[in-house]
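Working notes for the structure below.
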Amino acid sequence: MRHLILALAFAAPVSAQTIETDLELVLLADASGSIDADELLFQRQSYATAITDPAVVSAIQNTLYGSIAVTYVEWAATQATVVDWTIIADMESATAFAEALIGPPRQASGRNAIGAALIYGMEQIETNDINGFRRVIDFSGDTMANSFGPPITVARDQVVAAGITINALPILRNTQWQTGDLPAAYEANIIGGPNAFVMPARSGPEFTDAVRRKLILEIAGTTPQTEYASLLLDGLEVGE
């Protein structure tokens, strides 16, 4: 089975054939009105940089199957899949995913619909042709506003009931949330499931580094508070 996965590693998007892998990961990134064009591109570049980091690729190769499946989705009032499901098993397939992430135009637009975004992420997992040992939605945003769609906690509970973990990366860029209230709100209302955690991020190099650290922990299936996490992240530096 490992040889089959490696043979399919460079295919993007994933073919219709059912594939066994360690992790199905939805990268659910904020593209609402508070995120301008430069910030949107910076977010994509940060995820592209993180997914091709040698430490992230090493974490992928050290999973049970030696691969993960990843899709990148942007959310606002609507949701849009920027990069479809892709099997990443080595640096070449990680680079292909990163390159595909930078080019597409902005597609999601409008205000905030966090609940709808979580349901959309769940649907991407439930309807693909991949069997992941673990299933995770990696949600990022700079607000708790939810102008459209289902309530956030209702959507969260539905996603968690489907056996999917939700982790969150609150972006600390709005002054109203600089005191740490946004991470607490995300912990109370958005995350859920086994080993769920919140990892706050500020703008600039710290955001890219937070994405990298978060990916490593998600791929390893652990949380920031564990001794294993400390071993994984030991020696990583901002901007390294």
**Prompt:** So, do Tyr186 and Met144 sit near enough that their side-chain heavy atoms are less than 4.5 Å apart?
**Reply:** yes
**Asked** So which heavy atom on Gly192 is nearest to which on Val160, and how close?
**Response** C-CG2, 3.6 Å
**Check against side chain to side chain contact (heavy atoms under 4.5 Å, CB included), Trp75 and Leu118** = CA-CA 9 Å; Trp75 66 271; Leu118 295 175; over 6 Å; no
**Fill in**
Of all heavy-atom pairs linking Asp30 and Gly141, the shortest is OD2-CA, 3.5 Å
**Message:** Looking at Ile219, is its backbone amide N or carbonyl O close enough to the side chain of Arg134 to form a donor-acceptor pair, meaning the two atoms are under 3.5 Å apart?
**Reply:** yes
**Fill in**
Grouping ILVMFWY residues whenever side-chain heavy atoms fall under 4.5 Å, the cluster of Phe148 otherwise contains none
**Message:** Less than 4.5 Å apart, side chain to side chain, heavy atoms only: is that true for Val136 and Asn195?
**Reply:** no
**Message:** Would you say that Thr81 contacts Tyr120 through its side chain, given a criterion of any heavy-atom pair below 4.5 Å between the two side chains?
**Reply:** yes
**Message:** Please check this pair: side chain of Gln61 against backbone of Ala89, looking for a donor-acceptor N/O pair closer than 3.5 Å.
**Reply:** yes
**Message:** Run the side chain to side chain contact (heavy atoms under 4.5 Å, CB included) test on Trp85 and Asp129 for me, step by step, so that the C-alpha distance in whole Å, both residues' side-chain angles and the decisive distance to 0.1 Å come before the verdict.
**Reply:** CA-CA 9 Å; Trp85 286 107; Asp129 295 302; over 6 Å; no
**Message:** Check this for me, if you would: do Glu74 and Arg44 make a salt bridge, where the nitrogen-to-carboxylate-oxygen distance has to be below 4.0 angstrom?
**Reply:** yes
**Check: Asn112/Thr143 side-chain N/O donor and acceptor closer than 3.5 Å** = no
**Message:** Looking at Glu39 and Asp36, would you say the former's side chain and the latter's main chain have a donor-acceptor pair under 3.5 Å?
**Reply:** yes
**Message:** Show, in sequence, the C-alpha distance, side-chain angles and deciding distance for Gln124 and Glu24, and conclude whether the side chain to side chain contact (heavy atoms under 4.5 Å, CB included) test is met.
**Reply:** CA-CA 10 Å; Gln124 303 317 294; Glu24 296 172 65; over 6 Å; no
**Working for side chain to side chain contact (heavy atoms under 4.5 Å, CB included), residues Arg156 and Ile190** = CA-CA 6 Å; Arg156 175 204 61 195; Ile190 293 180; 5.7 Å; no
**Message:** With a 3.5 Å distance limit and no angle check, can you tell me whether Asn146 reaches the backbone of Pro150 through a side-chain donor-acceptor pair?
**Reply:** yes
**Asked** With sequence neighbours left out, which residue pairs that include part of residues 108-125 fulfil the salt bridge (Lys or Arg N to Asp or Glu O under 4.0 Å) condition?
**Response** none
**Asked** Do Leu215 and Leu27 come close enough that some side-chain heavy atom pair is under 4.5 Å?
**Response** yes
**Asked** Hey, is the main chain of Ser58 close enough, under 3.5 Å, to the side chain of Asn62 for a donor-acceptor pair?
**Response** yes
**Item:** For the student: nearest non-hydrogen atoms of Leu28 and Ala117, plus distance
**Value:** CD2-O, 3.4 Å
**Message:** Using side-chain hydrogen bond (donor to acceptor under 3.5 Å, both in side chains), reason through Thr95 and Thr52 one step at a time and then give a plain yes or no.
**Reply:** CA-CA 6 Å; Thr95 300; Thr52 54; 5.7 Å; no
**Prompt:** Is there a side-chain hydrogen bond (donor to acceptor under 3.5 Å, both in side chains) between Thr86 and Tyr72 once you walk through the steps?
**Reply:** CA-CA 9 Å; Thr86 305; Tyr72 191 94; over 6 Å; no
**Asked** Between Thr223 and Ala196, which heavy-atom pair has the shortest distance, and what is it?
**Response** CG2-O, 4.3 Å
**Asked** Is there a donor-acceptor pair under 3.5 Å between the side chain of Thr71 and the backbone N or O of Val83?
**Response** yes
**Asked** Apart from Met91 itself, which Ile, Leu, Val, Met, Phe, Trp or Tyr residues share its cluster (side-chain heavy atoms under 4.5 Å, direct or through members)?
**Response** Val57
**Prompt:** Side chain of Thr165, backbone of Pro194: donor and acceptor closer than 3.5 Å?
**Reply:** yes
**Prompt:** With respect to Ile216, which candidate in Glu218, Arg213, Lys214, Arg212 satisfies the side chain to side chain contact (heavy atoms under 4.5 Å, CB included) definition?
**Reply:** Arg212
**Asked** For Asp138, does its backbone N or O pair with a side-chain atom of Asn167 as donor and acceptor, under 3.5 Å?
**Response** no
**Asked** Between Phe97 and Asp84, what is the shortest heavy-atom contact and its length?
**Response** CE1-O, 4.5 Å
**Prompt:** Do you know which two heavy atoms are closest between Thr63 and Ile60, and how far apart they sit?
**Reply:** OG1-O, 2.7 Å
